[in-house]
4 protein chains.
Amino acid sequence: MARPVDPERRAARRLQIVDAGLTVFAERGYDGATTARICRRAGIGSGTFFHYFATKADLLLAILELGTAETRERAAGLEGRTDPLGVLLELVASTADDAADARIPGFVRAVTGVMHVPRIAEALAADDAAQREVLLVWVERGQARGEVRTDLTAARLVSWLVLLTGGFLERVAVDEAFTAEGERELLVATVRSFLRGG
Amino acid sequence: MARPVDPERRAARRLQIVDAGLTVFAERGYDGATTARICRRAGIGSGTFFHYFATKADLLLAILELGTAETRERAAGLEGRTDPLGVLLELVASTADDAADARIPGFVRAVTGVMHVPRIAEALAADDAAQREVLLVWVERGQARGEVRTDLTAARLVSWLVLLTGGFLERVAVDEAFTAEGERELLVATVRSFLRGG
Amino acid sequence: MARPVDPERRAARRLQIVDAGLTVFAERGYDGATTARICRRAGIGSGTFFHYFATKADLLLAILELGTAETRERAAGLEGRTDPLGVLLELVASTADDAADARIPGFVRAVTGVMHVPRIAEALAADDAAQREVLLVWVERGQARGEVRTDLTAARLVSWLVLLTGGFLERVAVDEAFTAEGERELLVATVRSFLRGG
Amino acid sequence: MARPVDPERRAARRLQIVDAGLTVFAERGYDGATTARICRRAGIGSGTFFHYFATKADLLLAILELGTAETRERAAGLEGRTDPLGVLLELVASTADDAADARIPGFVRAVTGVMHVPRIAEALAADDAAQREVLLVWVERGQARGEVRTDLTAARLVSWLVLLTGGFLERVAVDEAFTAEGERELLVATVRSFLRGG
DNA sequence: CATGAATGAGCATTCATTCAT
DNA sequence: TATGAATGAATGCTCATTCAT
């Protein structure tokens with residue numbers, strides 16, 4: 001009698017909205033992305049949106065959390081590796097790969113534009129922390145193995161890695177001539193040089 | 001009847017609004033910065049605002065243009081120098097100094113959050129171009145003098161300089177532990193190393 | 001194919017919803033009582049609700065009609081009585097007893113709050129008429145027997161009886177110190193005094 | 001320069017909205033009274049409404065408070081009187097006079113329909129308390145002078161006075177045949193009889 | 001019958017902008 | 001020129017109701 005809720009269908013619908021949200025946030029920024037526009041893009045009615053996300057901010061948060069989860073998964077897949085520097089360079093390179101999806105840099109810009117909203121600032125901080133945590137482990141291992149410079153603390157090196165990937169994302173977003181594919185190699189080289197020490 | 005406008009008084013008033021705008025945009029983002037709040041901060045009535053700026057976007061544009069003008073002035077002050085690398089490092093360092101004013105990184109975030117608005121994108125592009133133009137001159141001179149690596153085109157090196165300063169600004173904005181003062185020296189060192197070539 | 005409806009099961013389900021409706025209307029008022037909340041309280045799915053009542057207003061109407069029917073039954077049970085004043089006092093006292101169910105006064109308030117809806121106004125008028133009809137019979141008999149004052153028309157006396165019971169219900173709802181049990185006796189005494197004439 | 005805010009104009013506008021609110025709340029109930037309808041009735045734009053009242057609930061509250069203030073003023077005007085029973089009967093009669101404004105009973109119904117909203121419940125309680133306070137003083141004086149029965153506490157007598165006036169208001173609202181003017185005298189007589197004791 | 005996902009009309013509220021004084 | 005009251009378009013969100021399963 002009671003039709004069991006189809007969780008797959010629900011998850012798919014949810015993802016459909018997440019995808020539309022990612023696209024529209026990237027295109028228009030947070031405030032420019034009206035729920036109406038997101039719904040139109042997702043091909044759903046306005047009421048449906050709120051069956052899946054209580055508020056517009058919750059959609060943003062969900063997207064952010066998806067990113068954080070992905071970071072963690074990626075990290076889990078690297079356990080067992082014994083070449084810390086190689087791992088770090090791969091991690092950095094994967095940021096460049098993310099940047100190739102044109103929506104990513106736009107989305108990042110959109111989110112930083114509403115960082116003054118407390119809940120969003122928190123989620124962003126959590127995402128930042130997750131990334132740093134992963135990087136920190138491998139930087140420390142790299143230092144232990146003598147592959148990474150030790151004149152700076154691991155935490156500080158991590159900040160600079162994030163600085164480089166963040167700046168990279170930003171450039172891709174802003175500068176037409178600066179493409180993720182074209183600059184990927186130079187990013188890796190620059191990071192390698194930076195990690196070895198000037 | 002028409003009281004002759006006192007241009008000085010007018011300019012002062014205008015600056016007062018610009019300052020309030022810079023502060024509030026930085027604190028709340030573009031959309032979070034209501035004209036009402038900007039007016040309250042500037043100590044003026046809401047009607048007065050629109051005597052000085054036709055729209056809220058025009059205020060943002062004016063602030064941006066002020067920045068662009070400053071970049072040009074700074075560049076003018078450097079003419080005659082004969083040490084291109086030194087000049088470049090000074091230019092980069094001055095970004096770190098700007099970042100020490102807590103409103104700057106916040107303002108930058110606010111602006112990038114509304115980059116999808118065409119007029120703002122244009123102004124941002126103009127600002128970007130002004131910065132790049134200045135840097136380009138000195139990078140080329142540096143290359144001519146052998147102070148700067150020549151395995152990459154000057155334009156590409158400039159992109160990376162902007163990447164580094166942009167990433168730096170972002171980090172200062174987001175990461176409490178990452179201060180403009182504390183990291184300034186490392187920024188200069190990293191840029192020097194990058195410009196010399198790995 | 002058409003599974004023969006089990007009318008008993010259906011009636012039970014219906015009563016379950018009526019009960020939940022009574023409770024939630026009383027707690028939240030008509031508009032505050034969302035169908036979702038009523039369904040949750042009744043332990044049914046939102047779709048099921050509309051198998052039993054075409055609209056939310058219909059549920060309210062059904063509750064009202066149940067009350068009207070109860071009034072009529074109560075009246076039927078009094079036929080044959082020969083002490084009109086006694087009957088009237090019992091009728092009034094039974095209002096006080098109803099008021100002891102905390103949901104009744106709350107429900108009455110909720111309903112009067114949406115009296116501007118025509119169908120509800122009608123049902124309320126019907127309920128009012130039913131009550132008055134019963135009272136009218138016994139007031140007239142009381143007047144005929146000399147137990148009830150005759151300086152006012154029977155209809156007017158009935159209005160005042162309703163005024164007193166209505167005011168009583170309201171007080172119980174609003175005033176914590178005014179309890180149905182505690183004031184019941186005084187209600188009866190006041191009504192007796194009023195019916196005899198000042 | 002700074003045009004002094006014209007407080008009279010502001011107060012007038014405010015009253016205009018209060019008046020429209022009173023009317024529309026009475027006609028449609030709280031939820032049925034959309035801000036759009038209130039604005040149309042007041043002859044103002046929707047934005048203007050919110051210059052005067054932060055929320056729709058605040059308008060209701062303001063109306064309620066106006067009533068409470070009026071109660072207090074009326075009470076102040078009675079100081080010095082030496083005939084407590086006369087004062088009480090006048091107070092009761094003035095309720096009947098209020099009821100002659102057809103909007104009052106409708107408004108009362110509307111308000112009681114949203115009593116589950118905490119802030120409104122509070123304001124209603126405050127209004128109730130103000131009325132009772134006034135009545136209590138004169139009931140006590142009446143008891144002291146032997147004009148009012150002493151077999152019931154003053155507080156309880158007050159509850160019953162409120163019961164009678166509340167029931168009266170309700171009847172006027174619901175029953176076409178029951179008019180404030182026509183029943184006013186009987187109300188006074190009934191209250192007099194009640195206060196003297198059966 | 002029972003369910004709950006989907007719908008979209010409708011609502012309170014915000015905010016940039018205008019304009020009479 | 002300075003002011004702030006007035007405006008109404010635009011938005012996020014709620015909720016009664018429908019319908020495929």
In whole angstrom, give the distance that lies between atom [atom1] of [X] and atom [atom2] of [N].
{"X": "D:Phe53", "N": "E:dA12", "atom1": "CZ", "atom2": "C1'", "answer": "16 Å"}
{"X": "C:Arg14", "N": "E:dA2", "atom1": "CZ", "atom2": "C1'", "answer": "18 Å"}
{"X": "C:Arg28", "N": "F:dT14", "atom1": "CZ", "atom2": "P", "answer": "14 Å"}
{"X": "C:Leu60", "N": "F:dA16", "atom1": "CG", "atom2": "C1'", "answer": "15 Å"}
{"X": "A:Glu8", "N": "E:dA5", "atom1": "CD", "atom2": "P", "answer": "15 Å"}
{"X": "B:Ile44", "N": "F:dT1", "atom1": "CD1", "atom2": "P", "answer": "14 Å"}
{"X": "C:Ile38", "N": "E:dG4", "atom1": "CD1", "atom2": "P", "answer": "17 Å"}
{"X": "C:Phe49", "N": "F:dT18", "atom1": "CZ", "atom2": "C1'", "answer": "14 Å"}

>> For F:dA2, does the base pair up with any side-chain atom of B:His51 as donor and acceptor (N or O, under 3.5 Å, distance only)?
In response: yes

> Is there a donor on the side chain of D:Ser46 or the base of F:dA9 sitting less than 3.5 Å from an acceptor on the other?
Replying inline: yes

Check every strand shown and say whether [X] touches a base, only sugar-phosphate, or nothing at a heavy-atom separation below 4.0 Å.
{"X": "B:Arg37", "answer": "nothing"}
{"X": "A:Thr34", "answer": "sugar-phosphate"}
{"X": "A:Arg9", "answer": "nothing"}

> Considering only F:dG12, E:dT3, F:dT18, which nucleotide approaches the side chain of A:Lys56 most closely?
Replying inline: F:dG12

>> Nearest to the side chain of C:Phe50, heavy atoms from C-beta on, is which of F:dA16, E:dA5, E:dT14?
In response: F:dA16

> Is there a Watson-Crick or G-U wobble partner for F:dG12 with both distances under 3.5 Å, and which nucleotide is it?
Replying inline: E:dC11

> Is there a Watson-Crick or G-U wobble partner for F:dT21 with both distances under 3.5 Å, and which nucleotide is it?
Replying inline: E:dA2

>> Looking at D:Arg41 and D:Ala20, would you say the former's side chain and the latter's main chain have a donor-acceptor pair under 3.5 Å?
In response: no

> Should the ring pair A:Tyr30 and A:Phe25 be called parallel, tilted or perpendicular, given that the plane angle runs from 0 to 90° and is split at 30 and 60?
Replying inline: parallel

> Roughly how far apart are B:Thr55 OG1 and B:Leu61 CG, rounded to 0.5 Å?
Replying inline: 7.5 Å

> Would you call C:Asp58-C:Arg119 a salt bridge at under 4.0 Å N-O?
Replying inline: yes

Do any side-chain nitrogens or oxygens of [X] fall under 4.0 Å of OP1 or OP2 in [N]?
{"X": "D:Thr48", "N": "F:dT7", "result": "yes"}
{"X": "D:Arg13", "N": "F:dA6", "result": "yes"}
{"X": "C:Thr35", "N": "F:dC15", "result": "no"}
{"X": "A:Tyr52", "N": "E:dA5", "result": "no"}

> With nearest nucleotides of DNA chain F determined for A:Ala36 and C:Ala33 from heavy-atom distances, which residue corresponds to the more 5′ nucleotide?
Replying inline: A:Ala36

> For A:Phe50 and A:Thr35, what are the C-alpha separation, side-chain angles and deciding distance, and is it a side chain to side chain contact (heavy atoms under 4.5 Å, CB included)?
Replying inline: CA-CA 10 Å; A:Phe50 293 95; A:Thr35 55; 4.1 Å; yes

> If you find the nucleotide of DNA chain E closest to D:Asp31 and the one closest to A:Gly43, which residue's nucleotide is nearer the 5' end?
Replying inline: A:Gly43

>> Walk me through whether B:Ile63 and B:Val111 qualify under side chain to side chain contact (heavy atoms under 4.5 Å, CB included).
In response: CA-CA 10 Å; B:Ile63 300 178; B:Val111 177; over 6 Å; no

